[in-house]
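Since the structure comes first, as C-alpha cells, the remarks are kept for the end.
As the structure is a computational prediction, the values presented were derived from the model and not from experiment.
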Amino acid sequence: MVTIADVARQAGVATSTVSYVLSGKRSISGATRDRVQEAVRVLGYRPNASARALASSRSNVLALVIPLRAGMHVPVLMQFATAVVTTARRFDHDVLLLTADEGRSGLERVSQSALVDALVVMDVELHDERVPLLRELPMPSVLIGIPADTEGLTCIDLDFFAAAEQCVDHLTDLGHREIALLGTPSAVYERQTGFAARTMAGFQAAAERRGIQGIETPCESTFDAVLGTVGELLREHPGITGLVVQNEPIIGPLLDVLRSLGRRVPEDMSLLAICADDVAERQVPKLSSVTLPADEIGQQAVEALIAKLDGNQAPAVTLVPAQLTARASTSTAP
C-alpha cells in the first residue's frame, strides 16, 4: 500500500508538506504543489478516509433525506439521488441515503450520530415541520425544494411557477382557450408539497393573465385512474383542447386513454408535460415539455453544501430557469 511517506520521497519533500498540499490547510508554492500532485498521480496514492476524518473532525459523508411518501415517483427521485451521489464523489464525499418518513425526529437522530457532516433534504412542503429544526442544527443543510418561509435556509429547485406559466403561454399562443392541468396524486397536494403547489399557482396565474379558462385536477398514477379522471374532465369540460401534465408516470397511460377516446394528439388535443427530456422524447408523438433538470439541481445542491462546509456563503434561494421545448405534441387549436 502506498503511504504518504512514499509520496514525500517521490516528490522530494517532507511528509508534512504532502499533508498540507492534500488538506489545503497551509499555503504551498505552486511548483511544490505540482510535484506533490504528480507524485500522488504516479504512485496512485489515496488518503485513508478514516485518517482524514480524524484529522479534520469530519466524516466526509453527506445525508440525502428522501422520505418515500405516497404519491412520489421513485424513478424521478432516483435521478436527483444519482446527481447528488455523483457530485459528492467529485468532492471526495460519500452519501448516506435516508428514506424513512421520520420528520423532525429523523433529522435529530442523524445530527446526533456524528455519521454525517451535512444534509440534503428533499420533498419539501410549504410548511415543512423539518424547517425550524434545520435552522437550529449545528450542521449545514440544503433543501431541494422551497418552503413558504426561506429565512435562514439554502434552497434550490426548478422555477415551477415559471414552468407552468410557460406551458400556459405556449398553449394560449397556439390559440387554445380552454386547458387543464393534470397534476400529481392528491396526497402530494394534501401535504402542500412545494413543487406541486407552485406549479398550480403558476398555472392559475397565467390562465388569468391570458384570459383563458384553466382547470386543475389531481390524478392518481394508474391506468384506471387516468381513464376515469380524463373521461370525467372531458365530459364536464368538452371544450378542453390542451393538457399540461405534471405527473410523469401517467404520460404513457394518458396517451393511450386519449387514443381510446378518439382524441388525436396534437390534432384534437395538444399535450405538454413537465418532465425529463428523455421521457418526453420517447413518446409517440414526442412531447413538448419543460425539462426537469434533476442533474443540474442535484449538482448545485451539493456544490452549495460543500461551500457551506468550507465556511463560505451560499445563495438563500436558487431558482433554476424553466426551459420549454416545443415538439410534436402541441399545435394550433382545432
**Prompt:** Do side-chain atoms of Thr86 reach the backbone of Thr82 as a donor and acceptor pair under 3.5 angstrom?
**Reply:** yes
**From CA spacing to verdict: side-chain contact (heavy atoms from CB on, under 4.5 Å), Arg69, Asp123** = CA-CA 9 Å; Arg69 297 165 169 165; Asp123 195 31; 2.8 Å; yes
**Request:** Look at the side chain of Arg198 and the backbone N and O of Gly202, then say whether any donor-acceptor pair between them is shorter than 3.5 Å.
**Result:** no
**Request:** Evaluate the side-chain contact (heavy atoms from CB on, under 4.5 Å) criterion for residues Ser270 and His176: first the C-alpha distance (whole Å), next the side-chain angles of each, then the deciding distance (0.1 Å), finally the verdict.
**Result:** CA-CA 9 Å; Ser270 283; His176 298 271; 3.2 Å; yes
**Item:** side-chain contact (heavy atoms from CB on, under 4.5 Å) evaluation trace for Val290 with Gln323
**Value:** CA-CA 5 Å; Val290 174; Gln323 296 183 345; 5.8 Å; no
**Asked** Salt-bridged, Asp149 to Arg135, with N to O below 4.0 Å?
**Response** yes
**Message:** Test your reading of the model: is there a side-chain donor-acceptor pair from Asp256 to the backbone of Pro253, 3.5 Å cut-off?
**Reply:** no
**Message:** Would you say that more than 12 heavy atoms from the other residues, nucleotides or ligands in this model lie under 6.0 Å from the CD of Glu151, or not?
**Reply:** no
**Message:** Asp268 vs Arg263, test: salt bridge (charged side-chain N to carboxylate O under 4.0 Å, His left out). Steps then yes/no.
**Reply:** CA-CA 5 Å; Asp268 305 313; Arg263 301 292 183 104; over 6 Å; no
**Message:** Can you give me the closest heavy-atom contact between Ala280 and Arg327, atom names plus distance?
**Reply:** CB-NH1, 3.5 Å
**Request:** Answer yes when Arg209 and Asp169 have at least one side-chain N-carboxylate O distance shorter than 4.0 Å, and no when they do not.
**Result:** yes
**Asked** Given Val226 and Glu220, is the side-chain contact (heavy atoms from CB on, under 4.5 Å) satisfied, shown in steps?
**Response** CA-CA 7 Å; Val226 175; Glu220 307 307 312; over 6 Å; no
**Item:** Residue pair Thr325 / Glu281, side-chain heavy-atom distance below 4.5 Å
**Value:** no
**Prompt:** In Å and rounded to the nearest 0.5 Å, what is the CE to CG distance from Met269 to Leu255?
**Reply:** 11.5 Å
**Complete:** Joining Ile, Leu, Val, Met, Phe, Trp and Tyr whenever any side-chain heavy atoms lie under 4.5 Å apart, the cluster holding Leu107 also takes in Val61, Val65, Leu96, Leu98, Val110, Leu115, Val116, Leu119, Val121, Val124, Val131, Leu133, Leu134, Leu137, Met139, Leu143, Leu153
**Complete:** Scanning both residues in full, the closest heavy-atom pair of Asp117 with Pro140 reads O-CD, 3.6 Å
**Complete:** Between Leu287 and Ser329, the two heavy atoms sitting closest are CA-OG, 3.3 Å
**Contact summary for Gly194 and Leu126, nearest pair of heavy atoms** = CA-CD2, 3.9 Å
**Request:** Answer yes when Arg130 and Glu108 have at least one side-chain N-carboxylate O distance shorter than 4.0 Å, and no when they do not.
**Result:** no
**Request:** Verify, without hydrogens or angle tests, whether Arg191 (side chain) and Ala70 (backbone) share a donor-acceptor contact under 3.5 angstrom.
**Result:** yes
**Prompt:** Short question: side chain of Asp34, backbone of Ala31 - any donor-acceptor pair under 3.5 Å?
**Reply:** no
**Message:** Distance check, rounded to the nearest 0.5 Å: Asp277 atom CG versus Thr291 atom OG1?
**Reply:** 3.5 Å
**Request:** Using a 4.5 Å cut-off on heavy atoms from C-beta on, say whether the side chain of Ser105 contacts that of Glu102.
**Result:** yes
**Item:** Side chains of Ser289 and Leu324 in contact at under 4.5 Å (non-hydrogen atoms)
**Value:** no
**Asked** How far does NE2 of His93 sit from CG of Leu62, to the nearest 0.5 angstrom?
**Response** 5.0 Å
**Item:** Side chain to side chain, Thr217 and Glu232, heavy atoms closer than 4.5 Å
**Value:** no
**Request:** Evaluate the side-chain proximity of Met122 to Leu77: yes if any heavy-atom separation is below 4.5 Å, no if none is.
**Result:** yes
**Asn247 side chain reached by Pro185 side chain, heavy atoms, under 4.5 Å** = yes
**Request:** Measure the shortest side-chain to side-chain distance between Gln299 and Val302 over non-hydrogen atoms and say whether it is less than 4.5 angstrom.
**Result:** no
**Asked** Looking only at side chains, do Thr330 and His170 share a donor and an acceptor under 3.5 Å apart?
**Response** yes
**Asked** Would you say the side-chain atoms of Thr229 pair up with the backbone N or O of Cys219, donor to acceptor, closer than 3.5 Å?
**Response** no
**Request:** To the nearest 0.5 Å, tell me how far Ile251 CD1 sits from Leu272 CG.
**Result:** 10.0 Å
**Asked** Just by modelled atom types, is the Ala196 backbone N or O under 3.5 Å from a matching donor or acceptor in the Thr193 side chain?
**Response** no
**Request:** State the CD-OG1 distance between Glu165 and Thr199, to the nearest 0.5 angstrom.
**Result:** 11.0 Å
**Message:** If I take atom CG from residue Leu243 and atom CG from residue Leu181, how far apart are they, to the nearest 0.5 angstrom?
**Reply:** 9.5 Å
**Prompt:** Does any N or O in the side chain of Lys308 come within less than 3.5 Å of the main-chain N or O of Ser141, such that one atom is a donor and the other an acceptor?
**Reply:** yes
**Asked** Any ion pair linking Glu38 and Arg35 (charged N to carboxylate O, less than 4.0 Å)?
**Response** no
**Message:** If we ignore hydrogens and angles and just use 3.5 Å, is the side chain of Gln246 paired with the main-chain N or O of Ala273 as donor and acceptor?
**Reply:** no
**Closest contact, heavy atoms only, Thr318 versus Gln300** = CG2-OE1, 3.5 Å
**Asked** Can you tell me if Arg104 uses its side chain to pair, donor with acceptor, with the backbone of Pro132 under 3.5 Å?
**Response** no
**Request:** Please determine which of Leu271, Ile250, Val244 meets the side chain to side chain contact (heavy atoms under 4.5 Å, CB included) test together with Leu182.
**Result:** Ile250
**Request:** Give the cluster check for Val95 versus Met78: same hydrophobic cluster or not, with ILVMFWY residues linked at side-chain heavy-atom distances below 4.5 Å.
**Result:** yes
**Request:** For residues Arg264 and Leu258, determine if any side-chain heavy atom of one lies less than 4.5 Å from a side-chain heavy atom of the other.
**Result:** no
**Request:** Mind checking ring pair (Phe, Tyr, Trp, His ring centres under 6.0 Å) for Phe160 and listing every partner two or more places apart, or none if nothing turns up?
**Result:** Phe195
**Complete:** Closest heavy-atom pair, Thr150 versus Pro147, reported as atoms and distance to 0.1 Å, is CG2-O, 3.6 Å
